[in-house]
Colleague: 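Could you have a look at this structure, given as structure tokens, before my questions?
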Amino acid sequence: MAKFPNSNSAEEIFAKLKEYSSKDLVPYTGRMWGHYYATGREDLIEVARRAFLEFMDKTMLDFTTYPSILKMENDLVGWVADLMNGENVAGNFTYGGTESIMLAVKAAREEFKKKNTAVPEIILPETAHPAFYKSAEFLGLKVVRVSVDHETFKVSADAVSEVINDRTAILVASAPNYPFGVVDDVKGLSDLAMDYDIWLHVDACIGGFVLPFFRKLGENVPPFDFSVEGVSSISVDFHKYGYTPRGASIILHRSSAKRINHVFVMASWPGYPLVNTAVLSTRSAGTLAASWALVNYLGMEGYLDLSEKILKTKKRLLKDLPKLGFKVLGNPESSLLAFTSAEIDPFILAKEMEKLGWYIQAQPGSKPLGYPKSIHLSISPYHHEIVDSFLEDLEEAANRARKASKVDVMEVLKRVDLSSGEFLEFLGIKGGLPDDMTLINELMHLLPPEMVEGVLKKVVNEEIFRIP
Ligand SMILES: *Cc1c(COP(=O)(O)O)cnc(C)c1O
């Protein structure tokens, strides 16, 4: 069993941390096409770090303690509201997209409860982010899933209207969705939301700092923000294409009357009155200050410049990926895209790219749900500078993947009992992280999603998050 440590010197500690991170990916190199949004600009990292460190030890718990914190939060809300074409909008800083989404779902639920005592329902396109499912689970809403068009990967208003009923509390549109980078029909859903008087949340977590700039650069971006009348709330993450450190997002509501549904006040204990506008209470103001500093530092021109690099890279990829034998899925309208291939297994491709020092994200899709295996790319500004070498390596990896032999998963499933320790050993996850995700991805693609969820939950609980 682990023992509480004796005191170590700073030198020893940092040596140990270095050792721990020896297998980590390195965010700043631009070799990651997911999880980090590299700009290649040292000055941005410097500005964010300086602001972060200056405010790291100030807490957002009590807005009367540090007046600067309230000023920064209200500034940020105003700036993003402007970006989202909002007027008289109310909003709050949160620690991430999941928290912003949870607040929107909470607010919608409270509005619903004013008129109906039934269990509220949330209608989710299959492409909606898991944060909505998590919010529904935490907040007691029933999820009603709607499949999306398998060519465009957008949800249709017709499909949503079919499942709307008097228990529907909230509709969700993505701008864009994460798996395919396409923007849902916000206008169509807005019409429904107004007809039936239902909350509509637009998830612009990953698109909020891209789509408005793409539009200014002349791209055809469908309306998705507060200019669409039925939109009740919008979530936008700073910690993605705002290029700020992780732990920074915003939730915007069309009005303060909507926002009040997630303002929490408690004055009936002997301690300080607790007033929270977000889920979390005590938290560092570091990421807030870094966001405030970076949005100020980059400004309209800065974000336009970075977005232009993304746009150019995207156009290059859309042109060259088909030449390498890949099919881009749907018509990606933002900074994300997914591609697949009948001849080149995406999971083996990801593995081969890893050997060449790149991180590309394998998406298992789901055979039972009719979604292909694919590779997801989140395009970053820095990729503009290295897209040539990326495409060269991708071609090399594709050639290797074409030749690679595939594991016969069905054969494996016949031999190994899914609930046994032997199975975990076989997958390479007995007591730790697997070296190779190929087989695991394959299983996630093939098996029914409920079964995948069950196995993952068990593995995470019993094997991964475990005291060494
Ligand atoms: C990132 C993201 C979220 C929220 O994720 P967090 O990791 O909590 O920030 C929600 N929706 C979409 C489309 C996203 O890309």
Side-chain angles (χ1 to χ4, degrees), residues 27 32-38 76 80 84 91-106 108 122-139 143 145 148 153-155 170-186 189 200-212 214 221-222 224-225 231 233-252 262 278-280 283 287-288 290-291 294 310 314 329-330 332-338 361 363 371 374-380:
M32 295 173 73
W33 292 75
H35 294 311
Y36 187 70
Y37 307 84
L76 282 170
V80 182
M84 295 295 118
N92 289 99
F93 183 87
T94 73
Y95 249 51
T98 299
E99 191 181 356
S100 295
I101 285 168
M102 198 168 281
L103 293 172
V105 175
K106 162 76 163 55
I122 179 168
I123 298 180
L124 294 177
E126 278 175 346
T127 47
H129 194 275
F132 292 99
Y133 294 79
K134 183 176 175 183
S135 300
E137 186 167 315
F138 280 30
L139 294 165
V143 172
R145 287 167 61 97
V148 299
F153 299 101
K154 298 183 181 212
V155 72
I170 174 169
L171 309 180
V172 170
S174 302
N177 65 42
Y178 184 85
F180 307 106
V182 301
V183 180
D184 283 328
D185 176 14
V186 175
L189 292 183
L200 170 60
H201 181 77
V202 173
D203 179 5
C205 278
I206 201 154
F209 270 93
V210 175
L211 293 173
F214 271 21
V221 174
F224 70 95
D225 57 22
V231 172
S233 53
I234 306 179
S235 48
V236 179
D237 290 350
F238 295 110
H239 65 202
K240 288 170 183 160
Y241 289 97
Y243 311 108
T244 74
R246 269 97 207 100
S249 172
I250 216 160
I251 177 68
L252 299 174
H262 68 67
V279 179
L280 303 181
R283 65 215 137 117
T287 66
L288 171 78
S291 303
L294 262 192
I310 295 173
K314 183 175 86 167
L329 297 166
E333 289 148 311
S334 186
S335 53
L336 320 171
L337 63 82
Q361 195 170 49
Q363 298 192 123
Y371 292 102
S374 65
I375 293 293
H376 169 105
L377 300 180
S378 290
I379 305 164
S380 299

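Counting convention: from 1, in listed order, for ligands and their atoms alike. Remember, predicted model here, so these are calculated numbers, not experimental data.
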Colleague: Does the distance from a Lys or Arg side-chain N to an Asp or Glu carboxylate O, for K314 and E333, drop under 4.0 Å?
Modeller: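 Salt bridge between K314 and E333, a charged N being under 4.0 Å from a carboxylate O: no.
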Colleague: Holding to ring pair (Phe, Tyr, Trp, His ring centres under 6.0 Å), I want the full list of residues that pass it with Y243, two or more places apart in sequence or in another chain.
Modeller: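 Here no residue qualifies.
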Colleague: List in chain and number order the residues that pass salt bridge (Lys or Arg N to Asp or Glu O under 4.0 Å) with R246, two or more places apart in sequence or in another chain; answer none if no residue qualifies.
Modeller: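 R246 satisfies salt bridge (Lys or Arg N to Asp or Glu O under 4.0 Å) with no residue once adjacent residues are dropped.
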Colleague: Distance alone, cut at 3.5 Å: any donor-acceptor contact between the side chains of S235 and H201?
Modeller: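 Note: S235 and H201 side chains meet the donor-acceptor criterion.
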Colleague: Do the non-hydrogen side-chain atoms of D225 and V231 ever get within less than 4.5 Å of each other?
Modeller: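 Not in contact.
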Colleague: Dump all N/O pairs between ligand 1 and the protein below 3.5 Å as a table: atom names plus distance, one pair per row.
Modeller:
{"residue": "ligand 1", "atom": "8 (O)", "partner": "G97", "partner atom": "N", "Å": "3.4"}
{"residue": "ligand 1", "atom": "8 (O)", "partner": "T98", "partner atom": "N", "Å": "2.7"}
{"residue": "ligand 1", "atom": "8 (O)", "partner": "T98", "partner atom": "OG1", "Å": "2.5"}
{"residue": "ligand 1", "atom": "9 (O)", "partner": "G97", "partner atom": "N", "Å": "2.9"}
{"residue": "ligand 1", "atom": "9 (O)", "partner": "D237", "partner atom": "OD2", "Å": "3.2"}
{"residue": "ligand 1", "atom": "9 (O)", "partner": "H239", "partner atom": "NE2", "Å": "2.9"}
{"residue": "ligand 1", "atom": "11 (N)", "partner": "D203", "partner atom": "OD1", "Å": "3.3"}
{"residue": "ligand 1", "atom": "11 (N)", "partner": "D203", "partner atom": "OD2", "Å": "2.6"}
{"residue": "ligand 1", "atom": "15 (O)", "partner": "K240", "partner atom": "NZ", "Å": "3.1"}

Colleague: Kindly write out the residues that satisfy salt bridge (Lys or Arg N to Asp or Glu O under 4.0 Å) with K240, not counting sequence neighbours, or none if the list is empty.
Modeller: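 In terms of salt bridge (Lys or Arg N to Asp or Glu O under 4.0 Å), with neighbours along the sequence ignored, K240 is linked to D237.
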